[in-house]
Amino acid sequence: MQNTTMSLDRTKTPFIKDAVDFNLQLKPYQKYVLNNGAEVYAIDAGAEEVVQVECVFFAGNWFEQKNLVAASTNFLLKNGTSAKSAFQINEHFEYYGSYLNRACYNETATLSLHTLTKHLPELLPVVKELLTDSVFPGQEIETYKQNMKQRLNVSLKKSDFVAGRLIDAYLYGENHPYGRYSRLEDFDSVTQEELTAFYQQHYVNGKFIVFVSGKLPSNIYELLNSSLGDLKNGAVSIADIIASPATEKKYRVTNDPNGVQGSIRMGMPFPNRHHPDFLKVQVLNNIFGGYFGSRLMSNIREDKGYTYGIHSYLENHIQQSAWVITTEAGRDVCEAALVEVYKEMDLLRNEPVDAEELALVRNYMIGIILGDLDGPFHIINRWKNIILNGLNESYFYEQMATIKNISATELQELANKYLVADNFYELVVV
Amino acid sequence: MVHFERFTLSNGLRVVVHQDTSTPMAVLNVMYDVGAKDEDPSRTGFAHLFEHLMFGGSLNIPEYDEPLQMAGGENNAYTTNDLTNYYIQLPAENLETAFWLESDRMLSLAFSPKSLEVQRKVVCEEFKEHYLNKPYGDVWLRLRDLSYQVHPYRWMTIGKELSHIENASLQDVKDFFFKHYRPVNAILVVAGNVTTEQVKTLAEKWFGPIEAGERYMRQLPQEPAQTAARKLEVHADVPLDALYKCWHIQSRMDHRYYVADLITEVLGGGGSSRLYQALVKEKKLFSNIECYHFGTIEAGLLSIEGKLVKGVKPEEAEAAITEELERMKNEQITVTELQKVKNKTESAIAFEDMTIMNRANSLAFYELLGDAHLMNSELDRYNKVTVEDIRQECKEIFKETNSNTLWYLSKN
C-alpha cells in the first residue's frame, strides 16, 4: 500500500463537489391543531429516544408596561403553583432527568422541555400546571430580586456586557423593547401583582404555539392535546412601537479604568427579514465579518493580532434588525481596529468581490446550512424561525437561491448602500 | 449504543469509523495525546498556542481554511490539560478534502514566523478576554496553583502568565510538533455518512505515508496526597465576596470517579440539588452556588463555588457548606435521590450523543482512555454506584486536610 506515496501529490486539492450543487431540502413539518386551536409543529426524526417540547407564548418584553415584568414572570414560572413548591417542581423534572428551561425574548417567551421520550406522560401534566396555576410566591420573588441584582452587579463590571446594552440603546432608543435594559432599581419595583396580572393576560389567557421535535411517540398528538389542549389560547396583537435611534453616533465609555481590553460595538439600523435586501445582505455580511475566513477576521485577527475574534451579524429580531460588528480588542489597539473596520467597508464598496472569494462564501454558507439541518432539534429551530417571523417555506428556498446566484455587482451595490461609515454607531467601552 | 469499527495503520495511527447514514455530513476528528499537562513549567500555555499555529498553513497547503470552506466545511479545535482535539464537519461527498488537510498538517507544518508572531498576540488577547478583563477571571489561575504543588494540572491551558506565550520561539514550536504530533500519538475518528472501506482507503492514502514518530512516554510528577488544609484570601475590585473550595478526587479510570461525578449532581445539579436548596433558597447565604468537577484523566478536583449574599460573612457561608457536607458523610442519601442523579446522567448521555460531531469526539476520547467501547458501557458504571458508595466517597473527599479554600473578597 505504501507505494502510493510516489504518486501522491499533496499540493493538489482533491476533487471538491461544490456545495452549491447539493439539493438542500428542509424536512417538512407535520402540523396538528389542538382542541383549543393551538398550533403544533412537529418534526419526527433522529435515532436517540429524546424529545424537545417548546411552548412559545407572545409574552416577551414587547408586551410589558414596565421594565422587567415580562422577564421576571417568565423566570418565575417554575417557582411555585398552588399545589407545589419551587423545590417540588424542580425535583419532579429532575427526577426524570429532564430539563425544563424558560427564556424571555422581545416578542416571545418560552417554556421548553427536553426529556427522554418515555417520560413525557409524567412531565406534560406538570408543564400544564405551570401554565395554568403558577402563583409567584412572595418569598420566591424576593430571593429572585436579590440574586438577580447581585448578578447584574457582577455583569456591570464587564465591558462586553455594558457595551452590548449601550449599542442597542443607541440603535433603538432606551424606551424601545430592543433597546431597553435593566437597572438595579427596576428589580426593586417589580411586584407580585404585576407578575400575576402579566401571567394571567399573556400565559393563562395568551396565545401560544408548540414546537415539538425528536423521536416522537405515536400518540404525541393525544399527549399534547390532553395536557395543553384545554389552555385558553387567546388572540394576540402586536402593537407598533417605533424605534428612536440616538442622534449622536460616536461614543467612548470608561467602565473600568484598569481594563486591559476595549469592547468595540458598531451598528446600523437594518430592516427585517421581509425586506428584499435581507437575504442578499446575509451573503455580504458573511464576506465582511460572518465567518472565520471573513475580511474582518483575516485582517484584524489573523493579520494584525488585535483581537481573539471579530464578528459581524444581522440581529435576530422580528420587527426590525440592525447590522452589528463586535470585538474585544487590546486597549491600545481599539482605535487602530476601528480604522481597519472602516477600511474593510471601503474595500467592499470600491472593489467587486472576486470570483474565487464569492464561490468560497457560497459553498461555505450552503455547507453550514446542510450541517445545520442535522437532527430534529436543528430542523425544528429553522422552522420556528420561519414561522415566528411570519414567513413560509419559500423563504428557505429563496435563501438557497440567493446564496447560489447573487452577483459581485449586486454585492457591491449593497455595500455602497449600507456599508457607509456615517451609517454606523461606534462605541468603545473600556 | 454507538457502533464503530477500528483498525490501526502501520505507522501506529489508530482509526475509528462510525457510520450513520441518516446524515448527509461527515466528521473527521483527530485527537492528539498531548495537553497542557505535558508542558515545561517555564513554557506553559504552549499546547494551546500550538493549536492556533495548526491553522497557519502546512507543508503543502498554504491556507488551511480556504479549501475547507470551498468544500462546504467548517472546523474547530480545543486544548485541555489532557489532550488536543481538531475536528472538521463537511458534506460527506467532500470527505477527501478533510483527509488531505488533516494529513498534511500531521506530515508537517509550514512553521511560518508571521503566523507565530500573530498568534502570540491573538492568544494574549484571548488570555486578557477570558482571564484578566473580567471580575473573578483569575480565580482558577490561583486556585490550581494552590491545589497542586507538583502536578502540571497546577496551570491552566491558557498558561500561567502572558510572558510564557510572548516568549515562545519557532524552535520551541518545531520541537513540540515533532515530539507530539506524530501518527503514533494520535487517534483519527471518521463519523457520518461514510463506510469503513472508504475510510480505510483514504486513511492509507493520506495518513499511511507519514512517518510513525516516537511514542511519547508520559512521566508526569505525581501529586503527593494532601495532608493539611490550604487557604488563600484575595482582595480584589469585585462587587461581591465569593467563596471557592476544592478537593482532590480520583482519576478518570477509577470507579470512584463515577461516584464523585454523582456527588456533584446531588450537591449542585439543578434547582432541586442540596446546596442550592439549602444555601440559596432556605438560608439565603449565597446568590448562586455550583458544584462540579473537571473531568480530567488524571486525579482531578471537585469544586464548590458561590457568590455570597451581600452582608453574609465568609466564615458563616463556609460553615454552612461544611454542614451540608457533614450530612453527606453521616447519612446515606435516599435511594430516590440517587435514582434522580442516575436518571439525569442517562438523559445527559442521550442528548450528548445526538450529533455525529459529539459521537466522533467521544469515540476519540474513550479510545484515548484505552478503548472506544467504554463509551457504550458508561451508563452501567454509573448505575453500579450505591448510596453507601456515595457516603463513603464523601468521607474520603471532603476531609478537611484534602481541602483548598479561596476567599475572593470585595475590596469595596
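Source: prediction; values computed, not measured.
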- prompt: Going by atom types alone, do B:Tyr408 and B:Asp138 pair a side-chain donor with an acceptor below 3.5 Å?
  reply: yes

statement: Sequence neighbours excluded, the answer for ring pair (Phe, Tyr, Trp, His ring centres under 6.0 Å) partners of B:His52 is B:His48

task: Below 4.5 Å from any heavy atom of chain A, which atoms of B:Leu59 appear? Answer side chain, backbone, both or neither.
output: neither

- request: Using only heavy-atom distances, determine whether the side chains of A:Gln150 and A:Lys145 contain a donor-acceptor pair under 3.5 Å.
  value: no

query: Any ion pair linking B:Glu96 and B:Lys205 (charged N to carboxylate O, less than 4.0 Å)?
result: yes

query: Checking A:Asn153 against chain B: side chain, backbone, both or neither under 4.5 Å from a heavy atom?
result: both

Portion of A:Ser263 that has a non-hydrogen atom of chain B nearer than 4.5 angstrom: neither

field: Candidate list A:Glu91, A:Glu94, A:Gln88, A:His92, test side-chain hydrogen bond (donor to acceptor under 3.5 Å, both in side chains), partner B:Ser272, passing option
entry: A:Glu94

query: Listed by residue number, which members of residues 117-124 of chain B have a heavy atom under 4.5 Å from any heavy atom of chain A?
result: B:Val118, B:Gln119, B:Lys121, B:Val122

query: Do B:Lys340 and B:Glu337 sit within salt-bridge range, that is, some charged N less than 4.0 Å from a carboxylate O?
result: no

query: How are the rings of A:His114 and A:Phe377 set relative to one another: parallel (under 30°), tilted (30 to 60°) or perpendicular (over 60°)?
result: perpendicular

field: Salt-bridge contact A:Lys149-A:Asp188 (side-chain N to carboxylate O under 4.0 Å)
entry: yes

field: Proximal component of A:Glu357, with respect to chain B [non-hydrogen, under 4.5 Å]
entry: neither

message: Is A:Ala45 close to chain B through its backbone or its side chain, or both, or neither, when contacts mean heavy atoms under 4.5 Å?
response: neither

message: Using a 4.5 angstrom heavy-atom cutoff, name the option from A:Pro14, A:Ala329, A:Gly371, A:Pro376 with the most pairs to chain B.
response: A:Pro14

field: Distance-only polar pair, side chains of A:Glu49 and A:Thr117, donor-acceptor under 3.5 Å
entry: no

query: So which of A:Gln52, A:Glu302, A:His119 has the biggest tally of heavy-atom pairs under 4.5 Å with chain B?
result: A:Glu302

query: When only pairs under 4.5 Å are counted, which of A:Arg362, A:Gln261, A:His378, A:Glu48 shares the most heavy-atom pairs with chain B?
result: A:Gln261

message: With a 4.5 angstrom heavy-atom cut-off, is it the side chain or the backbone of A:Asn255 that approaches chain B, or both, or neither?
response: neither

Lys/Arg N to Asp/Glu carboxylate O, B:Glu129 vs B:Lys134, below 4.0 Å: no

field: Heavy-atom proximity to chain B below 4.5 Å, by part of A:Tyr291
entry: side chain

task: Give, as side chain, backbone, both or neither, the part of A:Asn258 having an atom under 4.5 angstrom from any heavy atom of chain B.
output: neither

Heavy-atom proximity to chain A below 4.5 Å, by part of B:Asn288: neither

task: Please look at A:Lys78 and chain B and tell me whether the side chain, the backbone, both or neither of the residue comes under 4.5 angstrom of a heavy atom of that chain.
output: neither

message: Tell me if the CZ atom of A:Arg331 is crowded by more than 12 foreign heavy atoms within 6.0 Å.
response: yes

query: When the aromatic ring centroids of B:His130 and A:Tyr308 are compared, is their separation below 6.0 Å?
result: yes

- request: Flag yes if more than 12 heavy atoms outside B:Glu166 fall under 6.0 Å of its CD atom; otherwise flag no.
  value: yes

- line: Applying a strict 4.5 Å limit to non-hydrogen atoms, the region of B:Met25 in contact with chain A is side chain

field: Residue A:Val430 versus chain B: region with a heavy atom under 4.5 Å
entry: neither

NZ/NE/NH1/NH2 to OD/OE distance under 4.0 Å, B:Glu346 and A:Lys118: yes

query: Do A:Tyr99 and A:Phe93 make the cut of ring centroids closer than 6.0 angstrom?
result: no

query: Heavy-atom distance under 4.5 Å to chain A: side chain of B:Asp353, backbone, both or neither?
result: both

task: Identify which part of A:Phe87 has an atom lying under 4.5 Å from any heavy atom of chain B, answering side chain, backbone, both or neither.
output: both

- prompt: Of the backbone (N, CA, C, O) and the side chain (C-beta and beyond), which part of B:Phe286 lies under 4.5 Å from a heavy atom of chain A, both, or neither?
  reply: backbone

message: Less than 4.5 Å to any heavy atom of chain A: does that hold for the side chain of B:Leu202, its backbone, both, or neither?
response: neither

query: So which part of A:Lys215 gets closer than 4.5 Å to some heavy atom of chain B, the side chain, the backbone, both or neither?
result: neither

field: Region of B:Lys342 in contact with chain A, defined by heavy-atom distances below 4.5 Å
entry: neither

field: Residue pair A:Lys304 / A:Asn299, side-chain donor-acceptor N/O under 3.5 Å
entry: yes

field: Donor on one side chain, acceptor on other, A:Arg10 and B:Ser103, under 3.5 Å
entry: yes

statement: Checked A:Ile366, A:Thr143, A:Thr307 vs chain B; the most non-hydrogen pairs under 4.5 Å come from A:Thr307

Contacting region of A:Gln146 [heavy-atom separation from chain B under 4.5 Å]: side chain

